[in-house]
Trainee: 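Here's a structure for you.
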Amino acid sequence: MPDTQPYLDRIRQFAEGEDPLQLQASTPQEIADLIANVSEPALHKRPQPGKWSVVEIIAHLAEDELVTSWRYRQMLENPGCSLAGFDQDKWAAWGRYQEWEAEDALTMFRLLRDANLRLLRGLTPEEWTRSGVHAERGRITIADLARHMAGHDRNHLEQIRRLVQLS
């Protein structure tokens, strides 16, 4: 499903004026804190048909981090490269997100995020400006993608926070 402009605007607003690396670095622990006292069955409960459970959101964050890892590295190695989009609902079905354990999803997310942050922290100013052409968003730089991911985190943290409050 392609990104909509209202979605992209909301993601931008979440990270506006913030350090995207600090936001990204804090997300795994924020998730861990949010789910610490929630039962595994509650974390698997969907709020309504067709909407993701907390576990599915965390699994999505993990697999999106995998995609983002590839995108960063492609832009570094092949500036101007094409960056394919992906259908998150198909990935969720193929990845059987509902069958994941929350801790496994969070561990995968944390490991991939840490690897990406190590990469980003070592970039030169010129490398931050390297870009690719995203199938849905057009030309984006590594800096743009890092800001997008920070906002994406905040968006999903809000979803998790709401779902945990319902449990």
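Both backbone and side-chain heavy atoms feed into the values below; hydrogens, waters and symmetry mates do not.
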Trainee: Evaluate side-chain contact (heavy atoms from CB on, under 4.5 Å) for L117 paired with Q24, printing each intermediate quantity in order.
Mentor: CA-CA 8 Å; L117 289 172; Q24 287 188 48; 4.0 Å; yes

Trainee: At what distance, to the nearest 0.5 angstrom, does CZ of R154 lie from CD of Q13?
Mentor: 15.0 Å

Trainee: Give me the ring orientation class for H148 and H152: parallel if the planes are under 30° apart, tilted from 30 to 60°, perpendicular past 60°.
Mentor: parallel

Trainee: Where do D144 and R137 land on the side-chain contact (heavy atoms from CB on, under 4.5 Å) test, with the steps shown first?
Mentor: CA-CA 11 Å; D144 294 333; R137 298 178 213 139; over 6 Å; no

Trainee: Side-chain heavy atoms nearer than 4.5 Å, only ILVMFWY residues, links allowed to pass through others: does that put W70 and W94 together?
Mentor: no

Trainee: Just wondering, do H134 and R71 contact through their side chains at under 4.5 Å, heavy atoms?
Mentor: yes

Trainee: Are the side chains of E127 and M75 in touch, meaning some heavy atoms are under 4.5 Å apart?
Mentor: no

Trainee: Closest approach of G85 and A135, non-hydrogen atoms and distance?
Mentor: N-CB, 3.8 Å

Trainee: Once you round to the nearest 0.5 Å, how far does CG of L123 lie from CG of L76?
Mentor: 5.5 Å

Trainee: Does the R73 side chain pair with the main chain of S69, one donor and one acceptor, at a distance under 3.5 Å?
Mentor: yes

Trainee: To the nearest 0.5 Å, what is the distance between CD (E101) and CG (L106)?
Mentor: 12.5 Å

Trainee: Run the ring-centre check on H60 versus W91 and record whether the distance is less than 6.0 Å.
Mentor: no

Trainee: Hey, are the side chains of I140 and L83 touching, using non-hydrogen atoms and a 4.5 Å cut-off?
Mentor: yes

Trainee: Show your working on side-chain contact (heavy atoms from CB on, under 4.5 Å) between F86 and D64 and close with a plain yes or no.
Mentor: CA-CA 9 Å; F86 69 97; D64 200 9; 3.5 Å; yes

Trainee: Is D104 close to M108 at the side-chain level, that is, under 4.5 Å between some pair of heavy atoms?
Mentor: no

Trainee: If you define the side chain from C-beta out and look only at heavy atoms, does anything of I58 sit under 4.5 Å from I35?
Mentor: yes

Trainee: Do the side chain of N78 and the main chain of C81 share a donor and acceptor less than 3.5 angstrom apart?
Mentor: no

Trainee: Could you give the distance from CD (E56) to CD (Q159), rounded to the nearest 0.5 Å?
Mentor: 11.5 Å

Trainee: Would a single hydrophobic cluster contain both L119 and L112, if residues Ile, Leu, Val, Met, Phe, Trp and Tyr are joined by side-chain heavy-atom contacts under 4.5 Å?
Mentor: no

Trainee: Check whether any side-chain heavy atom of M149 sits under 4.5 Å from a side-chain heavy atom of P20, and report yes or no.
Mentor: no

Trainee: In the structure I gave you, are the side-chain heavy atoms of D153 and I31 within less than 4.5 Å of one another anywhere?
Mentor: no

Trainee: For E77, is the CD atom crowded, meaning more than 12 foreign heavy atoms sit under 6.0 Å from it?
Mentor: no

Trainee: Quick one: do L23 and I160 end up in the same hydrophobic cluster if we chain Ile, Leu, Val, Met, Phe, Trp and Tyr together by side-chain heavy atoms under 4.5 Å apart?
Mentor: no

Trainee: Taking atom CH2 of W128 as the centre, does the number of heavy atoms from other residues, nucleotides or ligands within less than 6.0 Å exceed 12?
Mentor: yes

Trainee: Which pair of non-hydrogen atoms, one from G151 and one from A15, has the smallest distance, and what is that distance?
Mentor: N-CB, 3.7 Å

Trainee: Please step through side-chain contact (heavy atoms from CB on, under 4.5 Å) for the pair T107 and L111, ending with a clear verdict.
Mentor: CA-CA 6 Å; T107 297; L111 290 170; 4.0 Å; yes

Trainee: Is it the case that the side chains of N116 and E65 hold a donor-acceptor pair, with the cut-off being a distance below 3.5 Å and no angle test?
Mentor: yes

Trainee: Measure the CG-CH2 distance between L163 and W52 for me, rounded to the nearest 0.5 Å.
Mentor: 12.0 Å

Trainee: For R110 and T27, does a side-chain donor sit closer than 3.5 Å to a side-chain acceptor?
Mentor: no

Trainee: Atom CD1 in I57, atom CD in Q88: separation rounded to 0.5 Å?
Mentor: 10.0 Å

Trainee: With heavy-atom distances below 4.5 Å as the criterion, would you say the side chains of T129 and I142 are in contact?
Mentor: no

Trainee: Would the number of heavy atoms belonging to other residues, nucleotides or ligands and lying under 6.0 Å from CG of D33 be above 12?
Mentor: yes

Trainee: So if you build clusters from Ile, Leu, Val, Met, Phe, Trp, Tyr with side-chain heavy-atom gaps below 4.5 Å, do Y72 and L61 land together?
Mentor: no

Trainee: To check you understand the geometry: which heavy-atom pair defines the closest contact between A59 and A105, and what is its length?
Mentor: N-CB, 3.8 Å

Trainee: Using modelled atom types and a 3.5 Å cut-off, is there a donor and acceptor pairing between side-chain atoms of H44 and backbone atoms of W100?
Mentor: yes

